[in-house]
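Quick notes on the structure that follows.
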Number of protein chains: 2
Amino acid sequence: MKEFNLRILLAEDDPNLGSVLKDSLELEDNYVELYDDGEKAWNAFNKEDFDICILDVMMPKKDGFTLAGEIKKVDKNIPIIFLTAKSMQEDRIKGLSIGADDYMTKPFSFEELNLRIEAIMRRINDAKSPVIEQTEFEIGKYKYNSDYRTLYLDNTEQKLTTKEGELLKLLAFNKNQILDRDIALKSIWGNDNYFTGRSMDVYITKLRKYLKEDKSIEIVNIHGKGFKLLIKV
Amino acid sequence: MKEFNLRILLAEDDPNLGSVLKDSLELEDNYVELYDDGEKAWNAFNKEDFDICILDVMMPKKDGFTLAGEIKKVDKNIPIIFLTAKSMQEDRIKGLSIGADDYMTKPFSFEELNLRIEAIMRRINDAKSPVIEQTEFEIGKYKYNSDYRTLYLDNTEQKLTTKEGELLKLLAFNKNQILDRDIALKSIWGNDNYFTGRSMDVYITKLRKYLKEDKSIEIVNIHGKGFKLLIKV
DNA sequence: TATTTCAGTTAATTATTGTTAAGCCTTTTA
DNA sequence: TAAAAGGCTTAACAATAATTAACTGAAATA
């Protein structure tokens, strides 16, 4: 199985430009899916995980702006690059307000596009969080060992699942500090779209249940920010 | 919501990139002045106050490095971000030695630029409004613990939401002193436009309700200025 | 005193979070 | 290898938090 750099969703209705772009991006070791209208692209987006979207503004069925708006609703941090034939002022502003990361006016060189993607990649890689070496955590009356993925209280122990364990480890490592939603999601789930977010919430509920024996422990939510494993003294 | 409202001096001779950048920065609620050569930018800098400069390295009349040097002579703490076409090591070193806060190699994504501006602003803001270490506050008969985000009265306790808590903390820290509207807004909401202002008023109402049991406490408004948490003795 | 700007309150709207359970794979077990 | 169990995601619905709207009153301007 080949390791790809990025998973790219490409929406471009000009078949010529589309396939040339696809080839060019694939030559850079990316995985690319090309769709020739906004609706198809939207369907694909919902089925798979992409790292970045490159959207033509003028497309049949669903234009690039509309598509981008819908995409951002689900995954508000995914990088989007618009391709546009004209550099109209209003177009540009509309694109930017939707949250475009970049804007390319046709015609452009593939090299330029690749460079911009690289820039986005750099940022994604920078955001990757470091591995946590610590394996033993004190959480109020509890102890958690992330190697055995086991939570101890008095003489009882509770084995956690992979996700439960990863989340608790992150929380415990950042104990009494805010653990940002985005950071937790990227580090445990690899992306931070709507559904992984909901998934994390489910795990927060589970962890709260595991930890409910010690009243001095609380996983508090910081609205719009993340969670904090609060250990009162 | 990543909002920063800054006065930005932008010097970039490529009209296309220049206006895209201007649009993008303005959409983030900043005030931007764009100049297409170093001399014009220098004149503008001397007439007005800017919070941050974004300078292309290669410009007519006066290059970015020279301009930066002159700017730093006048205001040695102003943050400067250089834009450069090539990622030449020597350019980078020269830029940093002049005191660049950051360095962007074209092409770059808006997101990347925004992130860097955010980072710089965080530094500035941290220096301006230091984190309040204190976590226990006496408010008349009440006690407030900002870590637990809980307000205590006799043997009752009231959990506050994130925003309620942040606002009360600020007020309590500045107890019997005036807390400026814009300072509170910037520190809690990140900006001080009309709507965040209205939002804060709503929270003031909420806090007044929480605190109404002790008649010696009052959140008074200083018209056009801000609020004061008044504790009568 | 008329007018404008600023503040206070309540309600409506929108966004985010909490919880339970159903569904779908994957792994284990019989 | 069919059935069961475990783990994770998704759906659905409930509850909470935050923002925006709408309206009312107060203070400043001049």
Side-chain angles (χ1 to χ4, degrees), chain A residues 45-49 69-70 72-77 99 149-151 158-168 171 178-182 184-185 187-212 218-230, chain B residues 1-3 29 149-151 158-168 171 178-182 184-185 187-212 218-230:
Chain A
F45 178 82
N46 282 309
K47 285 211 196 69
E48 293 177 60
D49 266 339
E70 292 175 354
K72 284 276 177 182
K73 256 199 185 149
V74 178
D75 190 344
K76 66 177 187 301
N77 288 317
R149 230 200 277 140
T150 306
L151 188 63
Q158 169 68 54
K159 198 123 182 32
L160 303 189
T161 70
T162 313
K163 293 277 195 262
E164 288 167 355
E166 288 183 273
L167 184 54
L168 182 57
L171 283 165
I178 294 177
L179 170 63
D180 279 46
R181 259 193 119 82
D182 298 9
L185 287 172
S187 127
I188 298 174
W189 277 268
N191 69 50
D192 72 334
N193 63 35
Y194 175 78
F195 289 109
T196 47
R198 300 326 327 275
S199 218
M200 180 160 103
D201 289 335
V202 171
Y203 280 94
I204 291 288
T205 301
K206 290 180 180 170
L207 290 181
R208 281 178 175 145
K209 276 186 190 150
Y210 288 138
L211 295 172
K212 70 167 183 286
E218 205 180 337
I219 300 179
V220 294
N221 171 259
I222 287 85
H223 196 101
K225 266 262 165 197
F227 294 94
K228 191 200 276 190
L229 175 59
L230 191 68
Chain B
M1 217 190 309
K2 55 172 172 201
E3 286 176 68
D29 267 347
R149 229 202 273 145
T150 307
L151 188 63
Q158 170 68 54
K159 259 197 134 313
L160 304 189
T161 70
T162 312
K163 292 274 194 271
E164 288 168 356
E166 288 182 274
L167 184 55
L168 182 57
L171 284 165
I178 191 164
L179 170 64
D180 280 40
R181 251 195 123 81
D182 51 334
L185 286 171
S187 127
I188 297 174
W189 277 269
N191 70 58
D192 71 336
N193 62 35
Y194 174 77
F195 288 111
T196 48
R198 298 340 317 284
S199 221
M200 181 161 101
D201 289 338
V202 171
Y203 281 95
I204 290 287
T205 301
K206 290 181 180 169
L207 290 181
R208 281 177 176 144
K209 275 185 190 150
Y210 288 137
L211 296 172
K212 69 167 183 286
E218 206 181 336
I219 300 179
V220 294
N221 171 258
I222 287 84
H223 194 97
K225 266 274 170 191
F227 295 95
K228 192 195 275 189
L229 176 59
L230 193 65

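In what follows, every chain begins at residue 1, and chains take the letters A, B, ... in the order their sequences are listed. The analysis underlying the following values was restricted to heavy atoms, covering all of them including side chains, and did not include hydrogens, waters or symmetry mates.
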Give me, pair by pair, the N or O atoms of the protein and of nucleotides 24-30 of chain D that are less than 3.5 Å apart, along with how far apart they are.
none

Discussion item. Within the 4.0 Å heavy-atom criterion, would you say K159(B) contacts the bases, only the backbone, or no part of the nucleic acid?
Written reply: nothing
Worksheet item: Do the side chains of V74(A) and F45(A) get nearer than 4.5 Å, heavy atoms only?
Response: yes
Discussion item. Applying a 4.0 Å non-hydrogen cut-off, can you work out what K73(A) is touching in the nucleic acid: base, sugar-phosphate, or nothing?
Written reply: nothing
Discussion item. Strictly by salt bridge (charged side-chain N to carboxylate O under 4.0 Å, His left out), give each pair with a member in residues 191-204 of chain A just once, sequence neighbours left out.
Written reply: R181(A)-D201(A), R198(A)-D201(A)
Fill in: Any D49(A) side-chain heavy atom under 4.5 Å of N193(A) side chain
yes
Fill in: S187(B): partners by side chain to side chain contact (heavy atoms under 4.5 Å, CB included), with sequence neighbours left out
L170(B)
Worksheet item: Just how far, in rounded Å, is P of dA17(D) from CZ of R181(A)?
Response: 15 Å
Practice prompt. For D180(B), enumerate each residue passing the side-chain hydrogen bond (donor to acceptor under 3.5 Å, both in side chains) test, keeping only those at least two apart in sequence or located in another chain.
Written response: none
Discussion item. In whole Å, I'd like the distance from the CG atom of N191(B) to the C1' atom of dT19(D).
Written reply: 12 Å
Item to complete: Quick one: list whatever passes side chain to side chain contact (heavy atoms under 4.5 Å, CB included) with V202(B), sequence neighbours left out.
Response: K206(B)
Item to complete: Round to the nearest Å and state the distance from D201(B) atom CG to dC23(D) atom P.
Response: 18 Å
Practice prompt. Check side-chain hydrogen bond (donor to acceptor under 3.5 Å, both in side chains) between S199(A) and all other residues, then give those that pass, not counting sequence neighbours.
Written response: none
Discussion item. Please enumerate all residues that pass side chain to side chain contact (heavy atoms under 4.5 Å, CB included) together with Q158(A), with sequence neighbours excluded.
Written reply: L151(A), L160(A), Y210(A)
Discussion item. Applying side-chain hydrogen bond (donor to acceptor under 3.5 Å, both in side chains), can you list everything that pairs with D182(A), at least two apart in sequence or on another chain?
Written reply: N77(A)
Fill in: Sequence-distant partners of T162(A), side chain to side chain contact (heavy atoms under 4.5 Å, CB included), two or more places apart
R149(A), E166(A)
Worksheet item: Between I222(B) and K225(A), who's closer to the 5' end of DNA chain C by nearest nucleotide?
Response: I222(B)
Which donor-acceptor pairs under 3.5 Å do the side chains of residues 222-229 of chain A make with protein atoms, sequence neighbours left out?
none

Worksheet item: Mind checking which nucleotides bracket the chain B contacts on DNA chain C, 5' to 3', with an atom under 4.0 Å from a heavy atom?
Response: dC6(C) to dT10(C)
Worksheet item: In B/S/- notation, 5' to 3', how is nucleotides 7-13 of chain D contacted by protein heavy atoms closer than 4.0 Å?
Response: SBBBSB-
